[in-house]
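Order of the sequence lines sets the chain letters (A, B, ...), proteins ahead of strands, with each chain counted from 1.
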Protein chains: 2
Amino acid sequence: MTEAGALRQHVRPGAGPGGRQAVLEAAALAFTRNGYTATSIDDIADVLVATKGRVYHYYRSKLDIFLDVMISGMRELTERVGPVAGDLRLGPTERLRQMARIHATLMMTRHSFQRVAVQGIEMHLAGSLRPRQRRTWDEIIAMRDRYEQLFADVVEAGQGSGEFRETPARLATKPLLGALNWTTIWYRPEEVQQEGAGPAVQRIADELAEFVVGGLRKVPDT
Amino acid sequence: MTEAGALRQHVRPGAGPGGRQAVLEAAALAFTRNGYTATSIDDIADVLVATKGRVYHYYRSKLDIFLDVMISGMRELTERVGPVAGDLRLGPTERLRQMARIHATLMMTRHSFQRVAVQGIEMHLAGSLRPRQRRTWDEIIAMRDRYEQLFADVVEAGQGSGEFRETPARLATKPLLGALNWTTIWYRPEEVQQEGAGPAVQRIADELAEFVVGGLRKVPDT
DNA sequence: GTCTATAGACTGATAGAC
DNA sequence: GTCTATCAGTCTATAGAC
């Protein structure tokens with residue numbers, strides 16, 4: 001890391017509307033529209049209303065941008081869901097319901113980042129990673145595993161309390177997150193989605209949360 | 001090389017292990033591994049242990065192959081799930097449970113085709129479609145809509161009978177299919193999966209079916 | 001000799017990297 | 001804007017079945 005560009009990144013990371021964060025937002029949008037491979041650096045520049053030069057000023061390669069979008073998306077999830085997952089004053093059912101609601105909401109309000117994160121996880125880019133990127137990738141996988149564990153934990157807590165069906169927690173986590181993550185596929189944000197989120201977003205998030213809680217609930221004997 | 005299989009190729013072009021179907025299976029595998037754009041025709045040829053010539057003998061373009069993989073995958077779903085969806089001797093809960101089980105099983109036993117079908121649906125390739133491909137695409141969308149409707153119908157039937165929660169059927173269909181389709185993302189087929197399917201496949205399919213049925217079940221008042 | 005299946009060289013366009 | 005690699009798609013040659 002001895003070039004001027006790299007140094008500047010450290011001085012003001014992502015400051016200003018024309019800076020690194022703008023490139024990231026533009027890239028998230030472009031990747032969402034066309035997928036990783038089909039998105040060219042020129043496409044990203046187009047969203048920025050700029051040229052390639054600006055993009056390469058902040059990032060060394062397309063893959064670096066992509067990995068950074070993924071990290072940002074997963075960080076947002078962890079930061080919002082983590083506190084609720086750790087709030088043991090809530091019973092397992094209510095805790096899971098709130099975790100699911102927050103997760104689902106982010107799938108919609110931060111659609112482009114979350115969609116990239118979801119699609120990136122399923123990409124097999126293990127090959128073609130340079131050592132530095134390889135380390136970033138390992139960190140992404142670790143973040144994902146820790147995040148999934150938050151859900152596995154609440155599932156097990158619910159089994160312990162008798163609220164949830166007995167089923168392998170790690171397996172139950174798959175359809176749970178699948179139902180929620182699928183939102184990035186079918187949901188189409190029409191306008192600018194702000195933090196507060198619109199009413200439609202809340203209604204959908206509630207429905208998804210009910211669904212996943214129900215999917216685990218123990219059926220009372222007749 | 002005078003076995004029946006080789007001879008049949010000449011009589012029925014496209015049949016047998018060296019024909020059109022072989023190209024399709026190879027393509028499904030290659031697309032599954034790297035995604036559509038990142039897969040080159042040479043990659044498909046590699047899986048076939050052949051060269052481009054073989055691939056282009058059966059298909060005019062990469063996109064044509066992709067669309068054909070999608071159609072095949074969706075046809076398999078419709079053919080297997082359709083009859084159960086139409087079997088009104090089964091009550092809504094049991095009908096949905098069986099539909100989900102079959103759907104989930106196909107996600108695993110026909111993993112490569114189903115994964116391509118799932119990923120294709122979310123691709124924005126509306127542009128860059130030639131008229132002939134455009135018609136194929138419209139047919140794919142129509143197949144998907146009809147298929148989703150099978151699930152929406154059983155959801156409404158279950159609401160009518162009082163077994164399922166009252167919720168917009170089309171909305172409820174999203175997490176339902178999301179939980180099931182997500183299987184194509186995390187499930188890794190280890191060996192050759194036959195029609196009968198292994199025990200692990202059955203156990204997973206059962207769990208997924210329980211999950212989605214539970215997600216819709218009405219919670220009895222306390 | 002004819003026809004199908006396939007190999008493999010070639011080309012033009014695209015796009016990542018800088 | 002330039003340089004370069006990759007790749008979809010084309011074209012021709014050929015092997016072998018009948």
Side-chain angles (χ1 to χ4, degrees), chain A residues 1-9 20 23-24 26-27 30-31 33-48 50-69 116 120 123 125 127-133, chain B residues 1-27 30-31 33-69 116 120 123 125 127-133:
Chain A
M1 279 275 212
T2 45
E3 326 127 31
L7 285 175
R8 227 169 290 135
Q9 284 174 29
R20 192 184 169 91
V23 174
L24 211 57
F31 288 144
R33 289 209 249 267
N34 307 317
Y36 175 70
T37 340
T39 298
S40 69
I41 302 285
D42 284 316
D43 290 337
I44 298 173
D46 283 350
V47 176
L48 274 172
T51 60
K52 281 207 253 281
R54 168 111 61 121
V55 176
Y56 276 107
H57 178 71
Y58 291 103
Y59 285 97
R60 311 171 67 134
S61 76
K62 185 169 125 173
L63 191 47
D64 285 321
I65 308 175
F66 186 77
L67 294 175
D68 212 7
V69 173
V116 170
M123 281 179 60
L125 32 70
S128 77
L129 284 178
R130 305 175 66 81
R132 179 179 45 87
Q133 298 167 332
Chain B
M1 221 346 190
T2 44
E3 17 156 331
L7 286 174
R8 226 172 294 133
Q9 281 175 34
H10 290 280
V11 182
R12 301 193 319 164
R20 190 183 171 95
Q21 182 66 27
V23 174
L24 210 58
E25 299 273 350
F31 287 145
R33 288 209 248 268
N34 308 316
Y36 175 70
T37 342
T39 298
S40 69
I41 301 287
D42 286 316
D43 289 337
I44 298 173
D46 282 350
V47 175
L48 277 172
V49 196
T51 63
K52 275 208 238 294
R54 172 108 157 250
V55 175
Y56 276 106
H57 180 72
Y58 292 102
Y59 284 96
R60 311 171 66 134
S61 76
K62 183 170 141 180
L63 192 48
D64 284 323
I65 308 175
F66 186 77
L67 295 176
D68 210 7
V69 173
V116 170
M123 280 180 61
L125 32 72
S128 77
L129 285 177
R130 305 175 67 80
R132 178 178 47 86
Q133 299 167 331

Within this structure, what is the OH-to-C1' distance between B:Tyr58 and C:dA7, rounded to whole angstrom? 14 Å
Check: protein-nucleotides 8-14 of chain D nitrogen or oxygen pairs below 3.5 Å:
{"residue": "D:dA8", "atom": "OP1", "partner": "B:Thr39", "partner atom": "O", "Å": "3.2"}
{"residue": "D:dA8", "atom": "OP1", "partner": "B:Lys62", "partner atom": "NZ", "Å": "3.1"}
{"residue": "D:dA8", "atom": "OP2", "partner": "B:Ile41", "partner atom": "N", "Å": "2.7"}
{"residue": "D:dG9", "atom": "OP2", "partner": "B:Tyr56", "partner atom": "OH", "Å": "3.4"}
{"residue": "D:dG9", "atom": "OP2", "partner": "B:Lys62", "partner atom": "N", "Å": "2.9"}
{"residue": "D:dG9", "atom": "O6", "partner": "B:Lys52", "partner atom": "NZ", "Å": "3.3"}

What closest approach, in Å, do A:Val69 and A:Ala27 show between heavy atoms, and which atom pair accounts for it? CG2-CB, 4.4 Å
Of all heavy-atom pairs between B:Leu48 and B:Ala22, which one has the smallest distance, and what is that distance? CD2-O, 3.6 Å
Check the angle between the aromatic planes of A:Phe31 and A:Tyr36 and answer parallel, tilted or perpendicular using the 30° and 60° thresholds. tilted
Find the distance B:Asn34:CG to D:dT6:P and express it as a whole number of Å. 15 Å
Spacing of B:His57 atom NE2 relative to C:dG8 atom P, expressed in whole Å: 17 Å
Salt-bridge criterion met for A:Arg20 and A:Asp68 (N-O under 4.0 Å): yes
Just to verify, what does B:Tyr59 make a ring-ring contact (aromatic ring centres under 6.0 Å, His included) with, not counting sequence neighbours? none
